[in-house]
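Data first, discussion second: the structure below is written as structure tokens.
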Protein chains: 4
Amino acid sequence: MSDKRGRPRDQAVRAAILTATGELLTERGYERLSVEAIAGRAGVGKQTIYRWWRSKAAVVCEAVAAGQLPLPSAPPPDTGELGADLRSWMREQFEWLAAPGHTALVRALAAASSDDAGDTERLHELITGPSREHLIGRLRAGAAAGRVRADADLEAAADALLGAVLYRVLARAPIPPGHPEALVDVVVAGLRSG
Amino acid sequence: MSDKRGRPRDQAVRAAILTATGELLTERGYERLSVEAIAGRAGVGKQTIYRWWRSKAAVVCEAVAAGQLPLPSAPPPDTGELGADLRSWMREQFEWLAAPGHTALVRALAAASSDDAGDTERLHELITGPSREHLIGRLRAGAAAGRVRADADLEAAADALLGAVLYRVLARAPIPPGHPEALVDVVVAGLRSG
Amino acid sequence: MSDKRGRPRDQAVRAAILTATGELLTERGYERLSVEAIAGRAGVGKQTIYRWWRSKAAVVCEAVAAGQLPLPSAPPPDTGELGADLRSWMREQFEWLAAPGHTALVRALAAASSDDAGDTERLHELITGPSREHLIGRLRAGAAAGRVRADADLEAAADALLGAVLYRVLARAPIPPGHPEALVDVVVAGLRSG
Amino acid sequence: MSDKRGRPRDQAVRAAILTATGELLTERGYERLSVEAIAGRAGVGKQTIYRWWRSKAAVVCEAVAAGQLPLPSAPPPDTGELGADLRSWMREQFEWLAAPGHTALVRALAAASSDDAGDTERLHELITGPSREHLIGRLRAGAAAGRVRADADLEAAADALLGAVLYRVLARAPIPPGHPEALVDVVVAGLRSG
DNA sequence: TGCTAACCGAGACGGTACGTCCTGTCTTCCC
DNA sequence: GGGAAGACAGGACGTACCGTCTCGGTTAGCA
């Protein structure tokens, strides 16, 4: 089926490239990340990178997919209290962002998005996709438990929560105390009563 | 008192630079925008740009401020119906984004944000600031009219609405029909009842 | 004695490599000749070339030796008339050079010479060696016939004739009519009388 | 007439590039000479080289023209004795070649010639041109003095002498004692009697 | 007939250099 | 002294080859 002629791709090399990419992205940001620097740190020829990825954005994309970059943890388990669950999840999101380098990383990935349409979708799928699905799942469970009205648009609610986080990060606006909870409160109340 | 010796700054030159910046930004995006291209299209020396602006991001920043870039219109007037007003405003936001070049522009500005901390704040202030203030003003009027409960966090609500728009744009996700209204419905309902 | 186990060298492959080398050398010149292009045209792995030759120059060297490259014909037979014989031989040399690709080939081989000392000698031996030996042989016959004075330096005379051709080719200077004959006349007269 | 707008070309930079080129060419030879190395040693951006020269060969060409490379001295003055004059001139040529680096330089320039037609002519004009003209001038003086027969082809004689030198260098053949004198003897005798 | 060695195609690999593009600074002349 | 033009050092881009190195698959002689 597949063409297996020639020397096979060296997986250790692929890993080294993705690791180097993750490190440099966190250290310097997307703008100041160069393919040459990745090659240098990974101990790899530049051509080896271009052989497998079309662009800087594509490498970053796969580095994220490979878990080379720190992403916020999965949402906390369902304790039955929708509001409490979402508040603690939202707090975690903002706490993760407070760590040095993490806001830079999000901004870097946002910048990477502006390059190519194909990579963008894949990148957002990888980064916000899991969070989003867990979030919607939790909301759906709340709906099943009667905590959320049946006709509520759960996707819109998820957009509102994730978007609010993204907005604060990109605007470099400070996070006032109580902000995560206030966000959750507005959305959860809106889901409860139409 | 002030030293006015020497030739004063040529305002026509400044305008040409900002116009060229706006055009190129919309055409090519922030990544592929170069100072040399701006200078070339504006018929201006490169040094003239660097004399007045510290960086590419700063020029983009001022181009936005000078209205060289198309931004969504101001929110519609207060008709007394908070939900209806916000729905139509939100529809306008998404309609503006649907026009060709506008999503590219927002992505370009998001990318510009990742460069420099100082410019970022100014840029977001210019782009989302007016929308945000109008939005919060409208929400505050709703609170005064008793449509919004007194202790609601209007900033969080504004973040949720603006962030949701930003999120869809950056993720290049399609806008399903009814999405703008659903967003407004969740947030407004959340503001009404705590 | 020698270990002849294992698959023997494929002579068809060797021939394909030398043929491809000859073609590419004539088409593109030595500078723009690449081992990868040779391998590609010969339908051969790069390693197969490096297994048998140390360098690009070595392959070119053997391609010449194997007759893959067109070289000027052997000198005409001895008719007894030294001057006439050399004039017609010299005319042949310049006529061969006039054909398209042949001057490029000589320049390519001169360039190849600058690479490696070992290859250079072998290459010159192959290319000018036979011509040179025939030439000196013809001059020696002339000396035996009393047409050339006994103490004449036949090597110097051969250098002068071959070098003059080489000089014109490398300098890309046009060949004026009567030039080959004039060259022969000077040298032959010089050999006749000291 | 000429466009004098903009910053004028920095002559110190031009000199630094040509000096660096001459040094590196002598040290490493033409094949191992890189534009990046020239830029590095000259303390210059690569673009500054490509702004003024189309190719490596063109830079080498101008380095020669600018006297950055050691070339054999001009021919000795006319003492009236044609044979003696040419013998001492020819000895000088071969002595110059015997110095380390000089043969490499000639081979390098021969290799540079194979790249581009335009540069080749200019390069040969610069390198062998002056020698050739002095040589022909001296021969013409000999003809005027009756030492050379009137109908002798002086160009052919010059080709023979210069070519013989070039031939020995490119072939990396050793110079036997008495070779320069033997060369001159053949050619001068040939010019004397037809 | 199966073992072992060497060949062969393909092509990945670490590198070097290419020639282009752009950045931010500078220098000159013109107004 | 502002401004157009454009040279400059520096540095990253993406491409082309280099010479080396595995792969799977052949093709011989020897056992």
Side-chain angles (χ1 to χ4, degrees), chain A residues 3-14 32-40 42-52 54-56, chain B residues 3-10 12-14 32-37 39-40 42-56, chain C residues 3-10 12-14 16 32-40 42-56, chain D residues 3-14 32-40 42-52 54-56:
Chain A
D3 197 348
K4 285 203 173 186
R5 284 186 302 181
R7 181 179 177 175
R9 180 175 183 182
D10 187 336
Q11 290 304 321
V13 160
R14 177 177 169 274
R32 273 167 285 279
L33 172 69
S34 74
V35 174
E36 278 177 348
I38 296 172
V44 141
K46 225 180 353 167
Q47 188 60 44
T48 300
I49 296 178
Y50 285 108
R51 206 184 335 267
W52 301 109
R54 295 187 327 283
S55 65
K56 192 168 71 170
Chain B
D3 196 347
K4 287 208 174 181
R5 282 184 307 175
R7 179 177 178 177
R9 180 175 182 182
D10 186 337
V13 160
R14 177 178 170 274
R32 274 170 282 279
L33 172 69
S34 75
V35 174
E36 276 179 352
V44 141
K46 232 188 340 173
Q47 186 58 39
T48 301
I49 296 178
Y50 283 108
R51 208 188 327 270
W52 301 107
W53 294 277
R54 295 185 331 280
S55 64
K56 189 168 73 171
Chain C
D3 196 348
K4 285 206 174 183
R5 282 187 306 178
R7 179 179 178 176
R9 179 175 186 181
D10 185 338
V13 160
R14 175 178 171 275
R32 274 171 282 279
L33 172 69
S34 75
V35 174
E36 275 177 353
I38 296 172
V44 141
K46 238 191 331 176
Q47 186 59 41
T48 301
I49 296 178
Y50 284 108
R51 205 186 333 268
W52 301 107
W53 295 278
R54 295 186 331 282
S55 64
K56 189 169 73 170
Chain D
D3 197 348
K4 284 205 173 184
R5 284 185 303 181
R7 180 179 179 174
R9 180 174 183 181
D10 186 337
Q11 290 303 320
V13 160
R14 178 178 169 274
R32 272 167 286 279
L33 172 68
S34 76
V35 174
E36 277 177 348
I38 296 172
V44 140
K46 228 184 346 170
Q47 187 59 44
T48 300
I49 296 179
Y50 285 109
R51 208 188 329 273
W52 300 108
R54 294 186 329 282
S55 65
K56 191 168 72 169

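By convention in this document, chain letters (A, B, ...) are assigned in the order of the sequence lines, proteins followed by strands, and residues within each chain are numbered from 1. Keep in mind it's a predicted model, so treat the numbers as computed, not measured.
Among all heavy-atom pairs drawn from B:Lys56 and B:Leu33, the shortest one is NZ-O, 3.0 Å. When all heavy atoms of A:Val35 and A:Ile49 are compared, the closest pair comes out as O-CD1, 3.9 Å. Among all heavy-atom pairs drawn from A:Ala39 and A:Gly45, the shortest one is CB-C, 4.3 Å. Minimum interatomic distance between C:Ala42 and C:Ala16 (heavy atoms only, all atoms of both residues): CB-O, 3.7 Å.
Distance, A:Tyr50 OH to E:dA12 C1': 18 Å, rounded to whole Å. C:Arg9 has its CZ atom 7 Å from the P atom of E:dC8, to the nearest Å. With rounding to whole Å, D:Ile49 atom CD1 is found 13 Å from E:dA17 atom C1'. Rounded to a whole Å, the CZ atom of B:Arg54 is 16 Å from the P atom of E:dT23. When rounded to the nearest whole Å, the span between CZ of A:Arg14 and C1' of E:dC13 equals 17 Å. Taking atom CG of residue A:Asp10 and atom C1' of nucleotide F:dC21, one finds them 11 Å apart after rounding to whole Å. Note: CD (D:Gln11) to P (E:dT28) measures 12 Å, nearest angstrom. Distance CG (C:Leu33) to C1' (F:dA16): 14 Å, rounded to an integer number of Å.
Where D:Glu36 and D:Arg7 each meet DNA chain E at their nearest nucleotide, the meeting point lying more 5' is that of D:Glu36. The residue among C:Lys46 and A:Lys46 whose nearest nucleotide of DNA chain E is located toward the 5' end is C:Lys46. Between A:Pro8 and B:Val13, the residue anchored closer to the 5' end of DNA chain F is B:Val13, taking for each the nucleotide with the nearest heavy atom.
Closest to the side chain of D:Lys56, from the set F:dC8, E:dC18, F:dC18, is E:dC18. Counting only heavy atoms from C-beta on, A:Gln47 has its side chain closest to F:dC17 among E:dC13, F:dG14, F:dC17. For B:Val44, the side-chain atoms get nearest to F:dA4 when compared with the rest of E:dT23, E:dT27, F:dA4.
Taking only side-chain nitrogens and oxygens, D:Arg51 comes nearer than 4.0 Å to OP1 or OP2 of F:dC8. Phosphate proximity of F:dG6 to D:Trp52: absent, as no side-chain N or O sits under 4.0 Å from OP1 or OP2. The phosphate of E:dA12 (OP1 or OP2) has no side-chain N or O of A:Thr48 nearer than 4.0 angstrom.
Geometric assessment of D:Arg14 against the ring of D:Trp52 yields a negative cation-pi assignment under the 6.0 Å and 45° thresholds.
Among the atoms of the strands shown, none is found under 4.0 Å from any heavy atom of C:Trp53.
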